[in-house]
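Reviewing the structure listed below.
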Amino acid sequence: MRIDILSAVPELLNSPFEHSIMKRAQERGLLEIKAHSLRKWAINKHGQIDDYQYGGGAGMVMMCEPLANAIDELQKENGKYDEIIFVTPDGKRFEQKDANTLSLKNNILIICGHYKGIDQRIRDIYVTQELSIGDYVLSGGELAAAVIIDAVGRIIPGVLNDETSALTDSFQDNLLAPPVYSRPAVFRDKEVPAVLLTGDPKKVDAWRQEQAMERTKTRRPDLLK
Ligand code: ADE
């Protein structure tokens, strides 16, 4: 899978994909991530990509031409994108099921907004999905893009070593994950639940299921509706 990102501050996207699972996904050739500076398609030599908004009001708007030229050029190079995603607080809330669906695509472009956002006509003409990572406003879309790419990248088939481990993540079955324990068996007088030491996979599974249900009931009852 290939993910291109268009950003006014692509430097923000360097580190998140250089470690751990995202690094491994790229090393295995399962994921290719490229962040492009929108300034490459600026309208003048001053690197301008934004302008005042029609109708007045505070805040600049990212202009049509740099974005349209960037998208056209990238599509010419890489073929038509399966999805062109704009990350924005007024988008649809990004959830695990969106990550699952996106993980099966071949190539995606993510557009990061800044300032007041991007000219509506780019959204109308090019964008196929608008996603928000939560009900709060970030100073730009880059961290939201990083969150989405991480959530998608880790579940691309072949990325996780233990193929079953993504299946037991929180949200995969609308349940939060149960508590987990490692050595030592006793820490500051607190013992690991005895059932986990029985070596009986049926009992362990039943306990985990029950704990997952209990956690979901108390913390996220909305998931059970
Ligand atoms: N850009 C700024 N805030 C955002 C959010 N909450 N989700 C996605 N993109 C954003």
Side-chain angles (χ1 to χ4, degrees), residues 1-18 21-22 25 31 33-42 47-55 57-68 70-71 74 81-105 107-156 169-172 176 219-220 222-223:
M1 174 181 205
R2 178 186 169 109
I3 303 180
D4 289 285
I5 312 156
L6 267 177
S7 161
V9 201
E11 297 79 11
L12 280 172
L13 291 156
N14 288 343
S15 164
F17 313 122
E18 283 173 3
I21 292 172
M22 289 302 108
L31 179 61
I33 303 168
K34 279 233 160 67
H36 307 270
S37 172
L38 194 54
R39 298 208 190 270
K40 189 178 156 199
W41 292 276
Q48 188 179 357
I49 54 172
D50 60 332
D51 208 344
Y52 296 103
Q53 51 176 318
Y54 280 117
M60 307 289 272
V61 173
M62 287 167 68
M63 306 169 76
C64 285
E65 285 105 325
L67 283 163
I71 298 168
L74 290 173
Y81 289 105
D82 294 331
E83 299 286 349
I84 297 181
I85 297 168
F86 176 46
V87 281
T88 172
D90 59 24
K92 177 205 162 295
R93 178 92 59 91
F94 176 72
E95 289 171 1
Q96 186 63 47
K97 61 179 184 315
D98 302 302
N100 295 348
T101 310
L102 288 174
S103 73
L104 302 172
K105 307 277 179 186
N107 63 344
I108 292 175
L109 174 68
I110 302 182
I111 302 170
C112 303
H114 260 262
Y115 323 110
K116 271 282 168 204
I118 67 174
D119 191 297
Q120 180 61 37
R121 289 165 291 184
I122 294 296
R123 297 169 76 156
D124 296 341
I125 296 168
Y126 288 101
V127 170
T128 62
Q129 277 191 43
E130 302 186 326
L131 296 175
S132 163
I133 62 160
D135 288 344
Y136 39 81
V137 179
L138 304 167
S139 50
E142 286 75 12
L143 295 181
V147 165
I148 290 171
I149 292 167
D150 189 291
V152 169
R154 64 187 287 281
I155 52 171
I156 291 173
D169 285 343
S170 284
F171 305 113
Q172 281 296 12
L176 300 183
R219 298 178 184 189
R220 292 292 305 278
D222 57 297
L223 293 176

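Everything quoted here is computed from the prediction, not taken from an experiment. For ligands, and for the atoms within them, numbers begin at 1 and follow the listed sequence.
Heavy-atom contacts of Leu131 reach the following atoms of ligand 1: 8 (C) (cutoff under 4.0 Å). Close contacts of ligand 1 with Val87, meaning ligand atoms under 4.0 Å from a residue heavy atom, involve 8 (C), 9 (N).
Annotation: atom 9 (N) of ligand 1 to nearest protein heavy atom, Thr88 N, 3.2 Å. Nearest protein neighbour of atom 6 (N) of ligand 1, counting heavy atoms only, is Tyr136 O, 2.8 Å.
A search for side chain to side chain donor-acceptor pair (under 3.5 Å) contacts involving Gln129 returns Glu83, not counting sequence neighbours. Checked against salt bridge (Lys or Arg N to Asp or Glu O under 4.0 Å), Lys116 has no partners two or more places apart in sequence or in another chain.
Proximity annotation for atom 8 (C) of ligand 1: of Gly113, Ala144, Ala145, Ala144 comes nearest, heavy atoms only. With atom 1 (N) of ligand 1 as the reference point, the heavy atom nearest to it among Ser132, Pro89, Ser139 is part of Pro89. Which of Asp135, Ile133, Ile110, Leu138 comes nearest to atom 7 (N) of ligand 1 through a heavy atom is settled by distance: it is Ile133.
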Subject >> side-chain contact (heavy atoms from CB on, under 4.5 Å) between Leu6 and Trp41, intermediate numbers included >> reply: CA-CA 10 Å; Leu6 267 177; Trp41 292 276; 3.8 Å; yes
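At a 3.5 angstrom cut-off on N or O pairs, Gly134 counts as close to ligand 1.
Taking 4.0 Å as the cut-off between side-chain N and carboxylate O, Arg93 and Asp98 do not count as a salt-bridged pair.
Around the NZ atom of Lys92, the shell of radius 6.0 Å holds more than 12 heavy atoms that belong to other residues, nucleotides or ligands.
In this structure, a donor-acceptor pair under 3.5 Å is absent between the side chains of Glu18 and Asn14.
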